[in-house]
S.K.: 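Can you keep this structure in mind? I'll have questions shortly.
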Amino acid sequence: MRIVYFCLGWVMVALGVIGLVLPLMPGAVFLIVAAWCFARSSPRFEAWLLGHPTLGKPLRDWRAAGAIPRPAKIMACAGMTFGFAVFCYTFAPSVPLALAVAAGFLACAAYVVSRPAVARQDTSI
């Protein structure tokens with residue numbers, strides 16, 4: 001199973017990096033899954049991903065407190081709004097379908113917004 005998790009981890013890293021470039025693809029989710037896969041297959045690559053200068057801090061914050069940075073929350077909600085607008089414009093869905101998709105986006109947005117903005121730091125010595 002370790003090789004499966006290892007390969008899946010690298011697929012998730014690739015999708016995560018692509019997602020950081022493409023506005024409608026959630027890169028952070030794939031990187032969280034990649035860290036999870038590497039935790040089960042390769043401590044070395046898990047440490048690399050968590051220690052990465054660009055990708056590491058958000059992953060560490062997520063692990064510590066389920067935290068999502070405020071700019072990422074704004075981008076996620078804006079992306080969902082844009083995606084819903086494109087969906088409605090492109091497909092002209094029926095009202096029930098549009099409401100179902102809107103409900104799904106609203107549930108996702110509520111979850112994202114409900115997460116802490118930054119990881120709580122331990123102030124004890």
Side-chain angles (χ1 to χ4, degrees):
M1 275 309 284
R2 284 183 58 162
I3 190 73
V4 172
Y5 283 130
F6 184 76
C7 292
L8 186 59
W10 279 111
V11 169
M12 293 297 121
V13 167
L15 290 172
V17 171
I18 291 168
L20 295 176
V21 176
L22 296 177
L24 296 178
M25 191 169 162
V29 173
F30 291 112
L31 293 171
I32 290 168
V33 174
W36 182 85
C37 289
F38 287 145
R40 281 141 188 82
S41 64
S42 173
R44 179 177 146 214
F45 284 107
E46 177 191 21
W48 168 79
L49 190 57
L50 293 174
H52 192 276
T54 304
L55 307 174
K57 179 157 178 20
L59 293 173
R60 291 190 305 271
D61 289 346
W62 175 258
R63 277 202 174 166
I68 300 173
R70 192 171 318 277
K73 290 181 183 191
I74 293 168
M75 290 297 293
C77 291
M80 286 184 259
T81 302
F82 179 72
F84 182 71
V86 168
F87 168 72
C88 288
Y89 180 77
T90 304
F91 294 104
S94 64
V95 173
L97 179 59
L99 290 175
V101 171
F105 276 135
L106 285 173
C108 292
Y111 179 76
V112 167
V113 171
S114 73
R115 305 288 61 206
V118 294
R120 294 186 183 137
Q121 295 192 2
D122 186 12
T123 56
S124 63
I125 296 177

S.K.: If hydrophobic clusters are built by linking Ile, Leu, Val, Met, Phe, Trp and Tyr wherever their side-chain heavy atoms come under 4.5 Å apart, do I68 and M75 end up in the same one?
M.R.: no
S.K.: Please report the shortest heavy-atom distance between L49 and L31, naming the atom on each side.
M.R.: CD2-O, 3.9 Å
S.K.: Do you know which two heavy atoms are closest between F6 and S42, and how far apart they sit?
M.R.: CD1-CB, 3.8 Å
S.K.: Tell me the closest heavy-atom pair linking R2 and S41, and the distance in Å.
M.R.: NH2-O, 2.6 Å
S.K.: When Y5 is tested against each of W36, F45, F38 for ring-ring contact (aromatic ring centres under 6.0 Å, His included), which residue passes?
M.R.: W36
S.K.: Evaluate the criterion side-chain contact (heavy atoms from CB on, under 4.5 Å) for residue pair T54 and L20; output intermediate values, then yes/no.
M.R.: CA-CA 11 Å; T54 304; L20 295 176; 6.0 Å; no
S.K.: Applying side-chain contact (heavy atoms from CB on, under 4.5 Å), run through V86 and Y89 and close with a yes or a no.
M.R.: CA-CA 5 Å; V86 168; Y89 180 77; 5.8 Å; no
S.K.: Do the side chains of L106 and V113 join up, straight or via other hydrophobic residues, at under 4.5 Å, putting them in one cluster?
M.R.: no
S.K.: Cluster question for you: counting only ILVMFWY and a side-chain heavy-atom cut-off of under 4.5 Å, with indirect links fine, are F105 and L99 together?
M.R.: no
S.K.: For residues C77 and A109, report the shortest heavy-atom separation together with the two atoms involved.
M.R.: SG-CB, 4.1 Å
S.K.: Hey, what do you get for CZ (R60) to CG (L55), rounding to the nearest 0.5 Å?
M.R.: 10.5 Å
S.K.: Identify the heavy atoms of R115 and W62 that sit nearest to each other, and give their distance.
M.R.: CD-CZ3, 3.9 Å
S.K.: State, with a plain yes or no, whether a side-chain heavy atom of L97 is found less than 4.5 Å away from one of F87.
M.R.: yes
S.K.: Specify the closest pair of heavy atoms between V112 and K73, including all atoms of both residues, with the distance to one decimal.
M.R.: O-CE, 3.5 Å
S.K.: Going hydrophobic residue to hydrophobic residue with side-chain gaps under 4.5 angstrom, can you get from I74 over to Y111?
M.R.: no
S.K.: Would you please classify the geometry between the W48 ring and the W10 ring as parallel, tilted or perpendicular, with 30° and 60° separating the classes?
M.R.: tilted
S.K.: If the condition is side chain to side chain donor-acceptor pair (under 3.5 Å), which residues does R63 pass it with, not counting sequence neighbours?
M.R.: E46
S.K.: Under a 4.5 Å side-chain heavy-atom rule over Ile, Leu, Val, Met, Phe, Trp and Tyr, are V29 and V17 clustered together?
M.R.: no
